[in-house]
Amino acid sequence: MTVITETHLRAEMLKGTLSNPYFISHQHRLTPAARDFLRDRGIKIEVMGSNSIEKIIQTKELRIPVGVSNRHVHLSHHDVEVLFGKGYELTPYRSLSQPGQFAAEETVTLVGPKGVLSKVRVLGPARELTQVEISRTDGFILGIHPPVRLSGSIEGTPGITIVGKVGSITISQGVIVAKNHIHMSPNDAKEFKVKDGDRLVVQAISDRSVIFPEVVVRVNERFALDFHIDTDEANAANLRTGDFVKVIGKNGELFSARV
């Protein structure tokens with residue numbers, strides 16, 4: 001007899017593997033707290049035979065947590081000093097989903113041909129090149145129309161003026177709308193059976209089941225599993241940070257279409 005506790009269910013929920021209905025066999029026993037946990041979240045309990053459960057486990061959905069990315073700026077060491085002072089170091093405000101990265105206490109103002117965006121968060125640590133990531137809606141406010149690009153691909157992109165606490169800079173290029181992408185560690189990539197550069201088809205788990213058909217996989221030993229989208233995409237799919245998407249295909253082929 002296997003006892004399923006509330007702690008076990010919470011761990012499944014955090015990993016995104018808690019199904020609805022929740023399948024158990026006659027060999028499982030739910031503690032009263034576990035039953036309350038499922039009931040309070042509207043999750044039904046379904047008792048099935050062991051063979052049926054095994055089949056479900058083998059075909060279970062692969063889910064990825066969502067990280068909604070608001071407008072932000074990455075600064076080079078040189079530009080940090082120009083904007084905030086000689087020898088200045090960015091001050092961590094809170095950690096981000098990717099290890100070693102943080103939202104800084106420092107903010108800047110973006111000045112475009114038609115408008116201004118103030119209190120735009122700087123992310124750290126400092127990088128080799130300065131890059132500004134905004135949404136399409138932000139571009140309308142500023143009066144610029146940046147292309148959708150992966151981070152670091154800034155050739156031919158528009159520039160902008162960035163104003164800091166003690167100075168300002170005008171970059172000739174570097175403003176992008178970040179292409180949605182998935183960060184994975186090598187172990188994650190092995191579990192999802194993908195490699196760096198593959199494209200996954202994912203679907204929002206929400207009341208707006210938007211499908212994202214060309215999500216680039218980025219694999220690095222420093223990465224943690226996360227699906228990054230901007231605020232426009234998140235609003236369209238009714239997703240928030242901490243929600244999940246499910247993988248429904250890879251490299252243009254839907255899993256359900258396979259024979």
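Keep in mind it's a predicted model, so treat the numbers as computed, not measured. Counting from 1, the numbers follow the sequence of the chain as shown.
- Residues meeting the side chain to side chain contact (heavy atoms under 4.5 Å, CB included) test with Asn187, sequence neighbours left out: Ser185.
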- [ ] I would like to know whether Ser97 and Asp226 meet side-chain hydrogen bond (donor to acceptor under 3.5 Å, both in side chains); could you show each step before the answer?
- [x] CA-CA 7 Å; Ser97 61; Asp226 214 16; 2.6 Å; yes

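- Other residues sharing a hydrophobic cluster with Val111 under the 4.5 Å side-chain heavy-atom criterion for ILVMFWY residues are Val116, Val163.
- Shown here for Arg222 and Pro99, the closest heavy-atom pair between the two residues is O-CD, 3.2 Å.
- Hydrophobic cluster membership for Val132: Val73, Leu75, Val80, Val82, Leu83, Phe84, Tyr88, Leu90, Phe102, Val108, Leu110, Leu117, Val120, Val122, Ile134, Ile141, Leu142, Ile144, Ile160, Ile162, Ile169, Ile171, Val175 (Ile, Leu, Val, Met, Phe, Trp, Tyr linked by side-chain heavy atoms under 4.5 Å, directly or transitively).
- Counting side-chain heavy-atom gaps under 4.5 Å among Ile, Leu, Val, Met, Phe, Trp and Tyr, the cluster of Leu123 also holds Leu96.
- Within the 3.5 Å criterion, the main-chain N or O of His181 finds no donor-acceptor partner in the side chain of His183.
- Distance alone, capped at 3.5 Å, places no donor-acceptor pair between the Arg240 side chain and the Asn238 backbone.
- Between the Arg41 side chain and the Phe37 main chain, a donor and an acceptor come within less than 3.5 Å of each other.
- Counting only distance, with no hydrogens or angles, the side chain of Glu233 and the backbone of Asp230 share a donor-acceptor pair below 3.5 Å.
- Between Arg71 and Asp138, at least one side-chain N (NZ, or NE/NH1/NH2) sits under 4.0 Å from a carboxylate O, which counts as a salt bridge.
- In terms of heavy atoms, His228 sits closest to Gln98 at NE2-NE2, 4.3 Å.
- Checking side-chain atoms of Asp232 against main-chain N and O of Ser135 turns up no donor-acceptor pair under 3.5 Å.
- A distance of 7.5 Å separates CG in Asn251 from CG in Leu200, rounded to the nearest 0.5 Å.
- A donor-acceptor pair under 3.5 Å links the side-chain atoms of Glu106 to the main chain of Thr91, judged by distance alone.
- Going from atom OG of Ser69 over to atom CD1 of Ile229 covers 9.5 Å, rounded to the nearest 0.5 Å.
- In this structure, the separation between CG on Asp79 and CD on Gln131 is 12.5 Å, given to the nearest 0.5 Å.
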TODO: Go through the steps for Thr31 and Thr5 under the test side-chain hydrogen bond (donor to acceptor under 3.5 Å, both in side chains), then give the verdict.
DONE: CA-CA 6 Å; Thr31 65; Thr5 64; 5.9 Å; no

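- Contact between Pro186 and Glu221 at its shortest, heavy atoms only, is CD-CA, 3.5 Å.
- Every residue meeting the salt bridge (Lys or Arg N to Asp or Glu O under 4.0 Å) condition with Asp198, not counting sequence neighbours, appears here in chain and number order: Lys195.
- If you chain together ILVMFWY residues whose side-chain heavy atoms come under 4.5 Å of each other, Leu150 ends up grouped with Val216.
- With no hydrogens or angles considered, a side-chain donor-acceptor pair links Ser151 and Arg127 at under 3.5 Å.
- Here Lys119 contributes atom NZ and Thr107 contributes atom OG1; the two are 7.5 Å apart, rounded to the nearest 0.5 Å.
- Between His72 and His74, the ring planes are perpendicular. Angles over 60° get that label, and only those under 30° would be called parallel.
- For Phe227 and Phe244, the ring centers are positioned 6.0 Å apart or more.
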